[in-house]
Participant: 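Before we start, here is the structure in question, set down as structure tokens.
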Amino acid sequence: MKTAASAMSPEQARVRRIRRERRNRIVRHAVLLAWTGFIAFPIYWMVMTSFKDSGEWVTWPPHWVPHAPTLHNYAQIFAFSSIDPSLSRQAAEQAFTIWKGLGDSLLVCTTAALLALLLGTFLAYSISRFNVGGKYFRHTILTIRMIPPIVIAISILIYYAILIPYATGAVFGARISMFDTYIGLILIYTVTTLPFVIWMMLTFIDEVPYTLEHAARLMGAGRFTVIRRVVLPLVASGMVVTFLFVFILNWAEFLLALTLTHPEVTTLTVLLNKFQSASEGRLYGPQAAIGTMITIPVVVLGILIQKHLVKGFSFGTIRR
Amino acid sequence: MRRLSWILCGLLIISMQQALADPVADRAIAGAKAYIKAKNLKEPKLTVLLSSLYNNSFPDFAKKWEELTGVKMEIVPLGYTDIPAKIMQEGVAKTGVYDIFNDFPYTTPDAAGAKVVIPLDDYAKKYKPDFSGVADGLQFQQYYDGKLYIMVNDGDHLILALRKDLVENPQVRADYKAKFNKDLGCPDTMAEWAQQAAFFQTKAGDTRWGIKFEQPLYGALGYRSVNFSYRHFPVYMKGLLFDKDMKPRIGTPDGIAAIKAFAASVDHMPKDIQGWGTPQIYPFWASGQAYSAMSFPSIIGFANGNPKSVIKGKQIPCIIPGNVIDGKLVRRAPQAAGTGYMVSAYSKNPELAYLFIQWFTSPTVGDQAVAHPRGFWDPYRDEHVKNKAINDRFGADMVKTTIENSKYAASLLMIEGNYEYFKILDNNLADVMNKNISAEEAAKRIEAGWNRVTNDVGRDTQIRIWRKGVESGIYLDKF
Amino acid sequence: MAQISARAADLPSGRTAGQGAGRGLARWLASDRVFPKIPYVLVEGLIIVTILIPFILTIYISLLRWRANRPFETATFSGLSNYEVVLTDSLFWASVGRTFYFAGTAVAVELVVGFVLAMLVHQCTRSKKLYTTIILVPMMIVPIVVGYNFSMIYVDSGPLNQLLAPFLEPFGIDPRIRWLSHPVAAQFAIIIADIWQWTSLTFLIFLSGFSALPAQLINAARVMGATPWQIFWRIQFPLLKPAILIAVIIRSMEALKMFDPVVLLTFGGPGTSTQTVAYFLWEQVWVFNKFSFGAAASIVLLVMFSVFIYFGIYLLVSQRATVDRRAA
């Protein structure tokens, strides 16, 4: 079927097409730029607010660029003593430094991601090579991830705070609660991110043909050597990507941290929430500073693994 | 001979010091030392779950106690919004990590019901604390179900602050008198306060009474945010929230009028007031953009001391306005904040924990706490009016008003499930303030919600506790 | 491709892996029968200990009558009465309905916008990578920070109102709208925050889908004179169906769990107008200490969700089967 306007000369048709393509291109870029602006705006605002002093947080008209930029908010969150004595009563409730949150987040997220990676890769290998667990195991394991976190939180709260102390009391004589402990949170993060690790590592491991391993086995290599020398080098980059992805998931996690920890363990997300409460209003400046600090590493990491995300999120339904 | 006279002199001086010292605090210290010896404790330790407000002041006292008794104090600070949940979780996990809980008195009912805190009557009988000079409304909040559970050293009930420069301005006074035929001053009733707020509401740029208002002047300030409004609602409510049989009184004409008045008050407050807390209200007051503020007593000190304040020395503290009930003026200042200390049921040394609390809330140490420059404890004993350090810190005017106001200090709900009752109240008040539902509809929903909670907790228990509480006088009103 | 050392001399023979009984054990562990089962046992064990047992405990608690303001020992067995309370609680069902409303609206918009964006970016030649990087950023921002950002923007003297002011002031409307204090506006605030963040995910899924479209097929159709519209409807869209399904399932499941923006922006307020079911449950258990109510409600929620879960897995499996068949 030819396009309409076949009555035009080829020259005119070409000019028409070029103009149409240029118009399409302009429209395309306009739409994309508009969306980019929509995306960038809140981030921009947060970064700007982090440099504003308290007088400028809520002004009318709002200040798009701080009139008196200050590093006070950053100084406050990076201070080594906990509370600025010049703050009023309930403001003192909300002034926190970032150190504990940062340390706790790093510890919990890294450990949980590593554990999940180890277990998950191991299991993914078994599923890929030996079909462990049956044909649909890789799908049913996703069920864990699909349970609403609040249901998990309620169950785990009761578990950590009632059953575990009861059990340890009966067995060891001392009641130990796993509520608000590092181990408690790490365990839950590991279990809830395991499905992702398995799923992602499956895509990577599936790409390593079993014939390679078979050949190595035929040449007399033991199982562990095969894995170490043959499989791992090929999936190493995949493991890095999976680790970073799970790390980002843990880093951003809020509900489980809010419900199962604090104050012994305080992750950054919970810390950010502490900067405000319905009854006490908000300290916008320090919140913005912490928000910026939380955001930067994750965005950087995300950009690094972006290419692999595009592949990974095909969920194996698209074969290249 | 000469050495003996020196020794005698020294003993005399020491004994004089003892006589001037506080017997209540002394008994606590002596008791602690005796306890340590009797139990042969190698390294006595107490862990305090402390509201993070006091992070800059409480450690000083903890250190002093350590020096006096050798008991090591470990402090775990936590935001006050999180402490009730933490206490209840401790009740479930029973780990015994904490010895002392620092929280508001209205956490006591749930905590006592969960048996995570212990009654302190036996210890009180043995070591005799001193609650003299503490207003009834404050003092009896320490008791729940007839037993002593919590000891308080902080009188944080609501007062009203007015702008002195506006009140004493002759043109303003003349205008007000002409309009209302009454002298301008501390309002007696809530209706009068609303009247004054409406009178003073001024738009930016207007000139009134010869004063040009560059910024707008709002008639009033107060806490209207969800999770906080309930603390300020009882001032509007004429009397108790429930009747003798735990039937909610919110549906009565008085209750509905209270809801209406509470919601109408936001008309003369900044538009964003429903999202404001202390970090916003206090600086706003100090910036001079409001005529009045119903808040904690510490707002006076803040506006006097803060470097950015433009109303230094221009404040009048007033006692809380009241309502006219049966022809009489009845004032009621909700004890909106003000923390105390409870002893955990799973503490390994509950008596020692009690002794610290007795020491910390004793007349001398309690006074020192109130006077502490970085502390947030407010005056609560009659004698604080004469205490120089406290007057220096808060201003004699404010201390006098606070102590006088404490006569009208009334407790918030001291029954189990109080947070749930309050949340229902808060949500519906927010809806009325946003003009989403009418006051009558809100009253109906609040009543239904409250009845549901009462049934869930156990109607018989609630009725019993409620009647006991009302009889003890913590709500000031009686049936 | 990583270097694989394939020379026989480099590979240690199996015989050097330990001596004697240790060797026997190691060989048994490394055998084809046992080795794959090890991680399976470990993971299943972990799941049992951290998910299954707590779940059974939750069912048990839901059969008791217990608020945390009574010692646990005094809790009495009350059978299914908690379930009755939950199923007749209007606030619970209101929050469920609200959650579906938020999720439905947000996901619908995200699907459309993500699709359009992916299509447009796919057509770009030079700036594709740049646009992809930028558009993917919101997904990586911690949700709680997103909530905070929007709280700043929705403030009544915030930039959103400033941008809207030119449209409102001519009508005499004060532009300083309190978004978060108005029940309907607050709901839209939450939905917009969700759209802002998660359109990146649908975009990502669709972009992978577009990238995987067979270029030859499309070129062939174009050569034969098909209009762009026909190419889209008849070729691209059907091939993208799996991606669309994936996007719908994944986003819907995640959206129904909405919690973070509610906590940061509105606290379920004003009143209860933005309480999602996750927030509602959180409040019941962590603020009011109604453990057995919360346990019963979470079981009810799980049952409702399991319909979705089953449906989702079924779709994933069938899609996988379709792709396998096609590739074969």
Side-chain angles (χ1 to χ4, degrees), chain B residues 81-82 84-94 107-116 224-227 229 266 270-275 280 345 415-424 426-437 442 445 448-449 452-453 455-458 461, chain C residues 61 65-76 78 81-82 85-86 88-92 94 151-152 154-158 161 174-186 263 265-275 280 282-293:
Chain B
T81 42
D82 296 322
K86 198 78 181 150
I87 297 177
M88 300 311 285
Q89 279 143 16
E90 173 66 12
V92 170
K94 305 190 182 66
T107 316
T108 309
D110 276 349
K115 297 210 182 8
V116 67
R224 291 293 179 268
S225 55
V226 170
N227 294 348
S229 294
V266 298
K271 292 195 72 182
D272 209 18
I273 194 78
Q274 281 194 53
Q280 288 77 34
I415 55 179
E416 293 186 32
N418 44 11
Y419 281 107
E420 207 175 343
Y421 289 107
F422 288 152
K423 194 73 205 314
I424 295 171
D426 262 345
N427 285 342
N428 286 293
L429 284 177
D431 275 334
V432 179
M433 283 191 277
N434 284 323
K435 305 199 180 20
N436 302 330
I437 58 177
R445 292 185 191 179
R452 199 167 33 89
V453 180
N455 292 334
D456 194 37
V457 174
T461 324
Chain C
I61 300 279
R65 188 185 167 80
W66 183 46
R67 285 174 80 109
N69 55 331
R70 288 277 180 284
F72 181 56
E73 293 75 32
T74 64
T76 52
S78 69
S81 69
N82 285 321
V85 172
V86 169
T88 55
D89 188 352
S90 61
L91 288 175
F92 174 72
S151 75
M152 272 242 73
Y154 288 129
V155 160
D156 77 334
S157 44
N161 286 336
D174 187 347
R176 298 173 64 162
I177 305 174
R178 287 176 305 165
W179 292 93
L180 297 178
S181 305
H182 187 277
V184 177
V263 173
L265 279 175
T266 61
F267 306 100
T272 55
S273 58
T274 55
Q275 273 193 5
F280 175 77
W282 172 76
E283 196 179 51
Q284 295 297 312
V285 177
W286 272 268
V287 178
F288 302 143
N289 302 308
K290 292 162 72 176
F291 280 93
S292 46
F293 178 90

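To find a chain, count down the sequence lines: A is the first, B the second, and so on, and within it residues start at 1.
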Participant: Could you check whether any side-chain N or O of Ser292(C) sits under 3.5 Å from a backbone N or O of Ile61(C), counting only pairs where one atom can act as donor and the other as acceptor?
Facilitator: no
Participant: For the residue pair Ile424(B) and Arg445(B), what are the closest heavy atoms and their distance?
Facilitator: CG2-O, 4.4 Å
Participant: Give, as side chain, backbone, both or neither, the part of Thr461(B) having an atom under 4.5 angstrom from any heavy atom of chain C.
Facilitator: side chain
Participant: State which residues pass side chain to side chain donor-acceptor pair (under 3.5 Å) with Gln275(C); sequence neighbours excluded, sorted by chain then number.
Facilitator: Glu283(C)
Participant: Which atoms of Asp426(B) come close to chain C, meaning under 4.5 Å heavy atom to heavy atom: side chain ones, backbone ones, both, or neither?
Facilitator: neither
Participant: So which part of Val457(B) gets closer than 4.5 Å to some heavy atom of chain C, the side chain, the backbone, both or neither?
Facilitator: both
Participant: Could you go through Val92(B) and Trp66(C), starting from their C-alpha distance and side-chain angles, then the distance that decides it, and tell me whether this counts as side chain to side chain contact (heavy atoms under 4.5 Å, CB included)?
Facilitator: CA-CA 11 Å; Val92(B) 170; Trp66(C) 183 46; 3.8 Å; yes
Participant: Measuring heavy-atom distances to chain C, does Asn436(B) have an atom under 4.5 Å in its side chain, in its backbone, in both, or in neither?
Facilitator: side chain
Participant: So does Phe293(C) get a backbone contact from the side chain of Asn82(C), meaning a donor-acceptor N/O pair under 3.5 Å?
Facilitator: no
Participant: Check each atom of Lys94(B) against the heavy atoms of chain C and say whether the ones under 4.5 Å are side chain, backbone, both or neither.
Facilitator: side chain
